[in-house]
Enquirer: 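Please read through the structure below; I'll follow up with questions.
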Number of protein chains: 4
Amino acid sequence: MSPETRIPQQQRSIETRDSILAAAREMFSAKGFHGTNSKEIASQAGVSIGSFYSYFKNKKVLFMEVFKAYKQEQIIRILREQNRQRIETLGGATIVRAIIESLLAAHDLSPEFDREAMVMCYADPEVKEYHTEIERQINAQLVGTLRQVEDRLRVTDLEAAAAVVANAVEMTVHSIKIFDAPLHRDRIIDALAEMIRRFLFKDSEAMTG
Amino acid sequence: MSPETRIPQQQRSIETRDSILAAAREMFSAKGFHGTNSKEIASQAGVSIGSFYSYFKNKKVLFMEVFKAYKQEQIIRILREQNRQRIETLGGATIVRAIIESLLAAHDLSPEFDREAMVMCYADPEVKEYHTEIERQINAQLVGTLRQVEDRLRVTDLEAAAAVVANAVEMTVHSIKIFDAPLHRDRIIDALAEMIRRFLFKDSEAMTG
Amino acid sequence: MSPETRIPQQQRSIETRDSILAAAREMFSAKGFHGTNSKEIASQAGVSIGSFYSYFKNKKVLFMEVFKAYKQEQIIRILREQNRQRIETLGGATIVRAIIESLLAAHDLSPEFDREAMVMCYADPEVKEYHTEIERQINAQLVGTLRQVEDRLRVTDLEAAAAVVANAVEMTVHSIKIFDAPLHRDRIIDALAEMIRRFLFKDSEAMTG
Amino acid sequence: MSPETRIPQQQRSIETRDSILAAAREMFSAKGFHGTNSKEIASQAGVSIGSFYSYFKNKKVLFMEVFKAYKQEQIIRILREQNRQRIETLGGATIVRAIIESLLAAHDLSPEFDREAMVMCYADPEVKEYHTEIERQINAQLVGTLRQVEDRLRVTDLEAAAAVVANAVEMTVHSIKIFDAPLHRDRIIDALAEMIRRFLFKDSEAMTG
DNA sequence: AATGAATGAGAATTCATTCAT
DNA sequence: AATGAATGAATTCTCATTCAT
């Protein structure tokens, strides 16, 4: 309880750790996991390589932390977007738009880190596993959202529907943001929205442009 | 001006080159681009490291060749599948199934190489570019297929529709084959098929289970 | 932006760097630039190959440092020798001897490194350039020396004279020290001295044996 | 004696060999011994690498052959130049100019190969030895030339004089042709000529500009 | 806690040379 | 004699990680 306690140092410690995480996210986004080395990260964070390794066992562990934090931010965004409005008050088209927007928003967080996240998802089992878990959560959330308007839906297998919809949106987002699709963004998003709306909702709602 | 790398002029030479390509595909599938080194590939191919470098400037160039060959095989499969039957004689549900099957078949070629191909698509601009070009071709093919039954379709913007459908299928395939989706494969495929059918076809056809 | 190679900040670091420089000079002298590899230099310096490359971008850069340091030592020797005595008090023959001796002394520093230095001067543009710059300095110094006794000289174009004299001495030194000239060293040095003396000085001084 | 004899093939053989020698000289001049590899030489000569090695045991042996041939050409040039005129009929200044010109001419043969020849002279004992032997011959020739006007000379130790003169000329030639001396070529050559003339010839002849 | 010097395994790549055809 | 495919030792250089201070 004396002022000699190391609490201020712990504060500084947290800051150091955060600065490494921030530097890592920046570097991984810009140059990828394999294109970035630990010294670069440390110096970008304004920290010695020795400190780097006292905070993180190795580069991979650091990536996992950055990745998890990023995914948590994404989840939070999605939840916030989807819960922003009372969706049962909205029309089918609007709901679909809201779903798409919520997933788009998640990817706007940092398109470049998103790209590298996909690299690692496909490349590394541990990353893949965490990614899968997150997808499960997003799916559950989407199922929850849909359940709120279940009586207006055509589809009955909400879980499968949510999975398929999420996949369609995710890949479309990538094709726009990462693979610069040759078509105009609006044409694709319109098509995507229409596909999802007609799939999910009963004809009465699906009819509307 | 002799080229940097050897141009096969003898039968033996062609065999060596091919064995390197085959070994590379195998190793890249199993251990990824970064997890495989040139010596391993050479010895897997039963060839000296010197030969490796006399046929391929470096590992990246080798990857590009393997990748391009793989993508060409995929394209061929897709075309063959989609042109197997006279599609204008088929019902909407069957057409959709055929489209899904054709894209699934492409990924059955080698799911593991497919995975690594995605890694590199997201990681490397040159790979991304080639991938984008192939997607364009697949899209064009799909648009062609749809045009054959245009009068039965609801959608009018065929290109955007084709893009969205291809995206939905591709990501769903990945979620099944690579990310071991928690749901049973059939539930997902059924949902996917229904989504696409209702999106593309007029109600008369879409009605059918 | 951290520099490519380590800038010594600790005492230990400076010692390591110096030990690499010393080992390099030794190895280059003994086996030449192309006959020595970085591993040998590192182990001769009692240092890991990793340290080698953290101090020097590559072998060539290391050579340049060794070379520049060597040339600086040479310059210092020459200046010291030529300024050792008040030359205006000396006779022409003695002055010439002093000049020859000063250049000989420079080459006594390390005849073997001298040899390799010549190899690289002829082989590499960057080395050549630095060598040329040093020659310019030596020439300027020699012109300065001559100017002190200008009224006793025959030659009027001091710069050209200095250049020619320096060339004559340098090649003669090499023919003695590197190419083991078939004649006895003294006969050659005597001839050289006489040539220079008669060239530079008015007859009154040149007469003297 | 029948037309089936391999004589034409021997002719072709000689041509192949010569084309390799020519290609080697070209490549060594342009990129140096270490900067050129055997495949390059072979392909420049329009010959397979297999043939290359059936004509020359290795790259070093090839260099020696090219080097020796070059030096022989140089010697021939020097002899021709020095014997072009009846030198006993010439004035001292003209004789000196003729000597300088003869040595300059030798270096004009191929300044770039000359440069690489120096590299190898300093770097390789075998090359050095051959070079020394050639210098001896040039020296003997120069002594012979001087002896023809011995009664007009000041110097008595002709061998030492010849050595020193040859050295002075050689280094000066290099400083002009290889190390781009900062002074104008004529000023240096004039100084060189004057130095040699005053050294070699009695005052009566040396007086003349 | 922090620093940065040191490590060395390992990856990529080259090239002189051999040898089967 | 000619060819060019094949070899693999040798070299350069990188980078994740450790450890003495």
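Here is how names work: the chains are called A, B, and so on, in the same order as the sequence lines, proteins then strands, and each is numbered from 1.
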Enquirer: Respond yes when some side-chain nitrogen or oxygen of S48(D) is under 4.0 Å from OP1 or OP2 of dG4(F), and no when none is.
Expert: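 For dG4(F), neither OP1 nor OP2 has a side-chain N or O of S48(D) closer than 4.0 Å.
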
Enquirer: In terms of side-chain heavy atoms of Y53(B), which of dA12(E), dG8(F), dA5(F) is nearest?
Expert: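 Within the option list, the nearest is dA12(E).
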
Enquirer: Just the rounded figure in Å: distance from P of dT17(E) to OH of Y55(D).
Expert: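 One finds 19 Å between P of dT17(E) and OH of Y55(D), rounded.
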
Enquirer: Tell me: CG of L62(D) to C1' of dA16(E), nearest whole Å?
Expert: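 For the pair L62(D) CG and dA16(E) C1', the rounded distance is 13 Å.
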
Enquirer: Just compare dT14(F), dA16(E), dA5(E) and give me whichever is closest to any side-chain atom of I49(C).
Expert: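 Closest nucleotide to the I49(C) side chain: dT14(F).
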
Enquirer: Rounded to whole angstrom units, what separation is found between the NE2 atom of H34(D) and the P atom of dA16(E)?
Expert: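 Taking NE2 of H34(D) and P of dA16(E), I get 10 Å after rounding.
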
Enquirer: In terms of side-chain geometry, is the basic nitrogen of E126(C) or K60(C) positioned less than 4.0 Å from the acidic oxygen of its partner?
Expert: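 Between K60(C) and E126(C) there is a salt bridge, with a charged N closer than 4.0 Å to a carboxylate O.
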
Enquirer: Starting from the 5' end of DNA chain F, give me the residue, K39(B) or K57(C), whose nearest nucleotide shows up first.
Expert: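 Per heavy-atom nearest nucleotide, the more 5' residue is K39(B).
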
Enquirer: Can we say E15(B) and R12(B) salt-bridge, meaning some charged N sits less than 4.0 Å from an Asp/Glu carboxylate O?
Expert: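 No salt bridge links E15(B) with R12(B).
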
Enquirer: In this structure, how many angstroms lie between the P atom of dA16(E) and the CE atom of M27(D), rounded?
Expert: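 Answer to the nearest Å: 11 Å.
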
Enquirer: May I ask you to say whether K57(C) pairs ionically with E65(C), meaning some side-chain N is under 4.0 Å from a carboxylate O?
Expert: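 Not counted as a salt bridge, because no side-chain N and carboxylate O are separated by less than 4.0 Å.
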
Enquirer: I need the CG-C1' distance between D18(B) and dA5(F), as an integer number of Å.
Expert: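 Those two atoms, CG and C1', are 15 Å apart.
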
Enquirer: Counting heavy atoms from C-beta on, name the nucleotide in dT14(F), dA5(E), dA6(F) closest to the side chain of T16(C).
Expert: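 The nucleotide sitting nearest to the side chain is dA5(E).
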
Enquirer: Is E116(A) paired with K31(A) through a side-chain N to carboxylate O contact shorter than 4.0 Å?
Expert: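 No.
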
Enquirer: Is the F52(A) ring parallel, tilted or perpendicular to the F56(A) ring (thresholds 30°, 60°)?
Expert: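 Because their plane-to-plane angle lies in the 30° to 60° range, the rings of F52(A) and F56(A) count as tilted.
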
Enquirer: Taking any strand in view, what nucleotide pairs with dT21(E) in a Watson-Crick or G-U wobble way, both distances under 3.5 Å?
Expert: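 With both distances under 3.5 Å, dT21(E) matches dA2(F).
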
Enquirer: Rounded to whole Å, please give me the gap between CZ in R17(A) and C1' in dA1(E).
Expert: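 So the CZ-C1' distance, R17(A) to dA1(E), works out to 15 Å.
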
Enquirer: I want to confirm an ordering. Mapping S38(C) and S51(C) to their closest nucleotides on DNA chain F, which one lands closer to the 5' end?
Expert: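 Its nearest nucleotide lies further toward 5', so the answer is S38(C).
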
Enquirer: Among dT17(F), dA12(E), dA5(F), find the nucleotide with the atom closest to the side chain of N58(A).
Expert: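 In terms of side-chain proximity for N58(A), the closest of dT17(F), dA12(E), dA5(F) is dT17(F).
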
Enquirer: Rounded to whole Å, how long is the line connecting atom CZ of R12(C) with atom P of dC19(F)?
Expert: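 After rounding, the gap between these two atoms is 13 Å.
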
Enquirer: Using heavy atoms to find the nearest nucleotide of DNA chain E for G50(B) and G50(C) separately, return the residue whose nucleotide is more 5′.
Expert: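 Taking each residue's closest nucleotide, the earlier one in sequence belongs to G50(C).
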
Enquirer: Rounding to an integer number of Å, can you tell me how far N37(C) CG sits from dG8(E) P?
Expert: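 So the two atoms are 17 Å apart, to the nearest Å.
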
